[in-house]
Engineer: 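The following block contains the structure, expressed as structure tokens.
Position 1 is the first residue of the sequence; numbering continues from there. Scope of the values below: all heavy atoms of this structure, side chains included, with no hydrogens, waters or symmetry mates.
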Amino acid sequence: ADTSQDERWLVLPDNLYNVRSALSVPILSGPVLAGILTLTHTQPNRFTEEHLRLLHAAADQMALAVRNAQIFDAQRRMADRQMMLYEVLRTVSRQLDPDHVAWLAVQAIVEFTNWPNVSLALPDEERAHWVIRAASGDLATVHGLTLPIRQGVTGRVFRLNQTQRVPNVSADPDYVAGHPAIRSELAVPLRRSERVVGVLDIASDRLA
């Protein structure tokens, strides 16, 4: 009712006018706070219950708009992922050489996602070792790296058949040191039925 008598009111240094009364309501998208809608006035005791009802109605409409935008954004991201997958499959399906297929797949993923540090590990014929068949960005320094099939974060994916997210590689006992700039890693199994036929690795120079 009167900002000069309310300890919750924060006076900003660049205010264009002196606010004496304010009315704020939450913009709720389900249980999530999407924003806050605020009215201010230079006179104290300006806002009534009618103003409050109108502001709540406006906030409800804004929440609906936010929710619709979130749904649209989720659908767009899904469409982008489907298009990326289609382009990767279309590109690699034209090749028969495994190393060339791996290289094309990594390049397609880099192009369509803008993730610079991508690698693809495949098992050798005996499935005794995994080998980095293609890599980009900082991970290019580990191209050709060969390790026992159960060693490293990649080996953990082969062993567990599960995606491995490593927010901080220096804190993971299985991490095999690669490029010094790499700080976090996401390793995803590539499956044929339930069998892991490869591991796609995405790395970052930032902690996840």
Engineer: Is there a side-chain contact between Leu39 and Phe47 (heavy atoms, below 4.5 Å)?
Structural biologist: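 Leu39 vs Phe47: side chains touch.
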Engineer: Got Val66 and Asn68 here, is their nearest side-chain heavy-atom distance under 4.5 Å?
Structural biologist: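 No; the side chains remain at least 4.5 Å from each other.
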Engineer: Search all heavy atoms of Ala135 against all heavy atoms of Val106 and return the closest pair with its distance.
Structural biologist: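 Closest pair (atom of Ala135, atom of Val106, distance): C-CG1, 4.3 Å.
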Engineer: Under 4.5 Å between side-chain heavy atoms, hopping through other hydrophobics if needed: is there a path connecting Leu28 to Leu52?
Structural biologist: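 As far as the 4.5 Å side-chain criterion goes, Leu52 and Leu28 are not connected within one cluster.
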Engineer: Nearest heavy-atom pair of Ala181 and Asp138: which atoms, and what distance?
Structural biologist: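 Heavy-atom minimum between the residues: CB-OD2, 3.7 Å.
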Engineer: Please check if the side chain of Ser193 supplies one atom and the backbone of Arg195 the other of a donor-acceptor pair under 3.5 Å.
Structural biologist: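 No: the side chain of Ser193 does not pair with the backbone of Arg195.
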Engineer: Counting N and O atoms only, with roles assigned by atom type, does the side chain of Ser29 sit under 3.5 Å from a partner on the main chain of Ala63, one being a donor and the other an acceptor?
Structural biologist: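 Pair absent, no side-chain N/O of Ser29 close to backbone of Ala63.
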Engineer: If the threshold is 4.0 Å, N to carboxylate O, is there a salt bridge linking Arg183 and Asp205?
Structural biologist: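 Result for this pair is no, no salt bridge flagged.
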Engineer: If we only count heavy atoms from C-beta on, is the Leu147 to Val176 side-chain gap below 4.5 Å?
Structural biologist: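 Result yes, sub-4.5 Å side-chain heavy-atom pair found.
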Engineer: More than 12 foreign heavy atoms under 6.0 Å from OH of Tyr17: is that the case here?
Structural biologist: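 Atom OH in Tyr17 is crowded, with more than 12 foreign heavy atoms closer than 6.0 Å.
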Engineer: I want to check something: taking the side chain as every heavy atom from C-beta on, are His56 and Val25 in contact at a cut-off of under 4.5 Å?
Structural biologist: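 Yes, side chains in contact.
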Engineer: Could you tell me the separation between the CG atom of Asp99 and the CG atom of Leu122, rounded to the nearest 0.5 Å?
Structural biologist: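 So the CG of Asp99 and the CG of Leu122 are separated by 7.5 Å.
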Engineer: Does a side-chain heavy-atom distance below 4.5 Å link Val153 with Gln164?
Structural biologist: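 Yes. Closest side-chain heavy atoms under 4.5 Å.
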Engineer: Side chains of Val32 and Arg67: closer than 4.5 Å at any heavy-atom pair?
Structural biologist: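 Sidechains of Arg67 and Val32: no contact.
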Engineer: Could you tell me whether a side-chain N or O of Ser24 sits under 3.5 Å from a main-chain N or O of Thr38, the two making a donor and an acceptor?
Structural biologist: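 No: the side chain of Ser24 does not pair with the backbone of Thr38.
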Engineer: For Arg46, I'd like to know if atom CZ has over 12 heavy atoms of other residues, nucleotides or ligands within 6.0 Å.
Structural biologist: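 Not more than 12 within 6.0 Å, no.
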Engineer: In terms of hydrophobic clustering (I, L, V, M, F, W, Y; side-chain heavy atoms under 4.5 Å; direct or indirect links), are Ile202 and Val196 co-clustered?
Structural biologist: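 In one cluster with Ile202: Val196, no.
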Engineer: For the pair Ser136 (side chain) and Val118 (backbone), establish whether a donor and an acceptor sit closer than 3.5 Å, ignoring hydrogens and angles.
Structural biologist: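 A pair under 3.5 Å: yes.
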Engineer: How many angstroms lie between CG in Leu186 and CH2 in Trp115, if you round to the nearest 0.5 Å?
Structural biologist: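 One finds 8.0 Å between CG of Leu186 and CH2 of Trp115.
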Engineer: Looking only at atom types and distance, does a side-chain atom of His41 sit under 3.5 Å from a main-chain N or O of Val19, one as donor and one as acceptor?
Structural biologist: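 No.
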Engineer: Could you give the distance from OG (Ser119) to CG (Asp201), rounded to the nearest 0.5 Å?
Structural biologist: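 So the gap between those two atoms works out to 4.0 Å.
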Engineer: If you look at every heavy atom in Ser184 and Pro167, which pair is closest and at what distance?
Structural biologist: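 Taking Ser184 first and Pro167 second, the nearest heavy atoms are CB-O, 3.3 Å.
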Engineer: Between Leu145, Asp124, Val157, which is the residue that forms a side-chain contact (heavy atoms from CB on, under 4.5 Å) with Trp130?
Structural biologist: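 Exactly one option meets the side-chain contact (heavy atoms from CB on, under 4.5 Å) with Trp130, and it is Leu145.
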Engineer: Looking at Ile109, Ile132, Leu190, Val199, which one forms a side-chain contact (heavy atoms from CB on, under 4.5 Å) with Leu120?
Structural biologist: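 Output: one option passes, namely Leu190.
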Engineer: Can we say Arg156 and Asp172 salt-bridge, meaning some charged N sits less than 4.0 Å from an Asp/Glu carboxylate O?
Structural biologist: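 So Arg156 pairs with Asp172 through a salt bridge.
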Engineer: A quick test of your reading: do over 12 heavy atoms of other residues, nucleotides or ligands sit less than 6.0 Å from CD of Glu50?
Structural biologist: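 More than 12 within 6.0 Å, yes.
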Engineer: Is it true that a side-chain atom of Ser21 and a backbone atom of Gln43 form a donor plus acceptor pair closer than 3.5 Å?
Structural biologist: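 At least one qualifying donor-acceptor pair exists.
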Engineer: Treat each ILVMFWY residue as a node, draw an edge where side-chain heavy atoms are under 4.5 Å apart, and state whether Val131 and Leu104 are in one component.
Structural biologist: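 Per the 4.5 Å side-chain linkage, Val131 and Leu104 are not co-clustered.
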Engineer: Can you tell me which residue among Leu160, Thr154, Asn161 is in a side-chain contact (heavy atoms from CB on, under 4.5 Å) with Pro189?
Structural biologist: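 So the option named by the test is Asn161.
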Engineer: Less than 4.5 Å apart, side chain to side chain, heavy atoms only: is that true for Ile182 and Ser204?
Structural biologist: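 SC-SC contact between Ile182 and Ser204 ruled out.
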Engineer: If you measure from CG on Asp73 to CZ on Arg77, what distance do you get to the nearest 0.5 Å?
Structural biologist: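 Between Asp73 CG and Arg77 CZ, I get 4.5 Å after rounding to 0.5 Å.
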Engineer: About how many Å separate CG of Leu139 and CD of Glu185, when rounded to the nearest 0.5 Å?
Structural biologist: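 Here the rounded value is 7.5 Å.
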Engineer: For the backbone of Ala140 and the side chain of His143, can you confirm whether one donor and one acceptor N or O come within less than 3.5 Å of each other?
Structural biologist: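 No.
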Engineer: Enter the distance from Ile27:CD1 to Leu37:CG here, rounded to the nearest 0.5 Å.
Structural biologist: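 The CD1 atom of Ile27 sits 5.0 Å away from the CG atom of Leu37.
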Engineer: Does a side-chain heavy-atom distance below 4.5 Å link Trp9 with Asp2?
Structural biologist: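 A side-chain contact under 4.5 Å is absent here.
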